[in-house]
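Owing to the predicted nature of the structure, the values given are computational and were not obtained by experimental measurement. In what follows, chains carry the letters A, B, and so on, assigned in the order in which the sequence lines appear, proteins first and then strands, with residues in each chain numbered from 1.
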2 protein chains.
Amino acid sequence: MSTDYGDADPFQWDTREDCQVRQILDRIADKWSLLVIALLDNRRLRFTELRREIDGVSQRMLTVTLRSLERDGLVKRTVHPVVPPRVEYELTPLGATLHATIQSLVTWTEAHQEEIAAARESYDHREAEAV
Amino acid sequence: MSTDYGDADPFQWDTREDCQVRQILDRIADKWSLLVIALLDNRRLRFTELRREIDGVSQRMLTVTLRSLERDGLVKRTVHPVVPPRVEYELTPLGATLHATIQSLVTWTEAHQEEIAAARESYDHREAEAV
DNA sequence: CGGCATCCGTGCCGATACTG
DNA sequence: CAGTATCGGCACGGATGCCG
């Protein structure tokens with residue numbers, strides 16, 4: 001590595017803004033991407049099915065999200081040449097490996113949501129009486 | 001359709017917009033939060049140290065991010081009453097359990113960044129010649 | 001059905017200035 | 001050093017309309 005940023009610290013990783021990992025993290029840690037990947041586990045879903053399952057997503061955002069996931073090779077898009085059109089989405093093998101990680105994030109959140117809610121309440125309470 | 005949403009499907013989870021899990025996911029899957037949690041692994045860092053390590057973060061965003069992480073009980077903030085002020089941040093036990101998951105996300109991204117880059121290039125290439 | 005193009009509001013975030 | 005406060009731009013994303 002020519003421009004040696006800090007790979008001195010073994011605990012450290014490249015945190016530069018133009019870093020590949022940072023850019024990819026921003027993409028997949030996106031609000032809708034997370035949900036799509038979580039929902040596509042071992043399933044093939046149509047556009048409308050996904051839209052219905054993800055409460056609050058607009059058509060535009062679902063399209064945009066699916067496009068970038070497809071571009072990143074995480075989701076496979078299959079168009080059936082019928083009328084009316086039928087488009088199905090599923091995880092690629094690469095996407096499937098990511099799913100495990102995403103799922104652990106979801107599981108962690110489910111497991112600790114009460115702790116977080118409690119922490120928030122306690123925090124807000126301290127704030128309130130501090131004022 | 002009544003209020004009992006689909007817990008019929010074992011693969012499924014609550015995807016309603018007002019769902020706790022969704023809200024928490026949005027918070028912790030935030031661009032800066034991920035980085036902060038990743039960086040605070042087994043370390044106590046001062047505000048300025050964090051700021052220096054995270055390329056591109058503004059003072060404002062780092063403050064805002066740290067506040068919500070503190071509020072969620074993931075990060076502990078310690079103020080040393082000295083001049084100049086010395087404020088240190090570290091993961092709480094709860095934050096430490098989250099770190100493992102975040103780290104696996106980072107590791108996955110590092111491991112697969114070339115595949116993703118290749119997928120993107122291939123996708124863009126197909127797009128280009130399709131036009 | 002599954003898009004894409006356009007318009008446009010708003011909320012996020014950077015820049016700047018000020019405080020303990 | 002480690003913040004808070006305020007302002008303003010702009011990009012994100014919702015709404016709408018049209019198409020294969």
**Asked** Rounded to whole angstroms, how far apart are CD on A/Glu17 and C1' on C/dG14?
**Response** 12 Å
**Asked** Does B/Arg77 have a side-chain nitrogen or oxygen under 4.0 Å from the phosphate oxygens OP1 or OP2 of D/dG3?
**Response** yes
**Message:** Determine whether a donor-acceptor pair (one donor, one acceptor, N or O, separation below 3.5 Å) exists between the side chain of A/Gln59 and the base of C/dG3.
**Reply:** yes
**Complete:** A/Ser33 meets the side-chain hydrogen bond (donor to acceptor under 3.5 Å, both in side chains) criterion, sequence neighbours left out, with A/Asp30
**Request:** Please determine if a side-chain N or O atom of B/Tyr89 lies less than 4.0 Å away from the OP1 or OP2 oxygen of D/dC1.
**Result:** no
**Message:** Run the side chain to side chain contact (heavy atoms under 4.5 Å, CB included) test against B/Glu17 and tell me which residues pass, sequence neighbours left out.
**Reply:** A/Asp55, B/Arg22
**Request:** Any pair with a residue in residues 36-89 of chain A that passes ring-ring contact (aromatic ring centres under 6.0 Å, His included), sequence neighbours left out, goes on the list, sorted by first then second residue, please.
**Result:** none
**Prompt:** Looking at residues at least two apart in the chain, or sitting in another chain, which of them share a side-chain hydrogen bond (donor to acceptor under 3.5 Å, both in side chains) with A/Ser68?
**Reply:** A/Arg27
Show me the protein contacts with nucleotides 11-15 of chain D, counting only N or O atoms at under 3.5 Å.
unit_1: D/dG13; atom_1: N7; unit_2: A/Arg60; atom_2: NH2; d: 3.3
unit_1: D/dG14; atom_1: OP2; unit_2: A/Ser58; atom_2: OG; d: 2.5

**Item:** Results of side chain to side chain contact (heavy atoms under 4.5 Å, CB included) for B/Ala29 - residues two or more places apart only
**Value:** A/Ala29, A/Leu34
**Request:** Pull out every residue in residues 63-74 of chain A that has a heavy atom closer than 4.0 Å to any atom of DNA chain D, ordered by number, or say none.
**Result:** none
**Prompt:** Counting heavy atoms not belonging to A/Glu121, are there more than 12 under 6.0 Å from its CD?
**Reply:** no
Side-chain donor-acceptor contacts of residues 56-67 of chain B below 3.5 Å, not counting sequence neighbours, with atom names and distances?
unit_1: B/Ser58; atom_1: OG; unit_2: B/Met61; atom_2: N; d: 3.2
unit_1: B/Thr63; atom_1: OG1; unit_2: B/Gln59; atom_2: O; d: 2.9
unit_1: B/Thr65; atom_1: OG1; unit_2: B/Met61; atom_2: O; d: 2.7

**Message:** In whole Å, I'd like the distance from the CZ atom of B/Arg27 to the P atom of C/dC12.
**Reply:** 11 Å
**Prompt:** Looking at residues at least two apart in the chain, or sitting in another chain, which of them share a side-chain hydrogen bond (donor to acceptor under 3.5 Å, both in side chains) with A/Arg46?
**Reply:** none
**Asked** B/Leu50 has an atom CG; how far is it from atom C1' of D/dG3, in whole Å?
**Response** 14 Å
**Fill in**
Nearest heavy-atom contact between A/Leu91 and A/Ile37 is CD1-O, 4.0 Å
**Set of side-chain hydrogen bond (donor to acceptor under 3.5 Å, both in side chains) partners for A/Arg71, sequence neighbours left out** = B/Asp124
**Within residues 95-124 of chain A or reaching into it, pairs that qualify as ring-ring contact (aromatic ring centres under 6.0 Å, His included) - sequence neighbours excluded** = A/Trp108-A/His112
**Request:** Identify, residue by residue, the members of residues 78-87 of chain A with a heavy atom below 4.0 Å from DNA chain C, and return them in order of residue number, or none.
**Result:** A/Pro84, A/Pro85, A/Val87
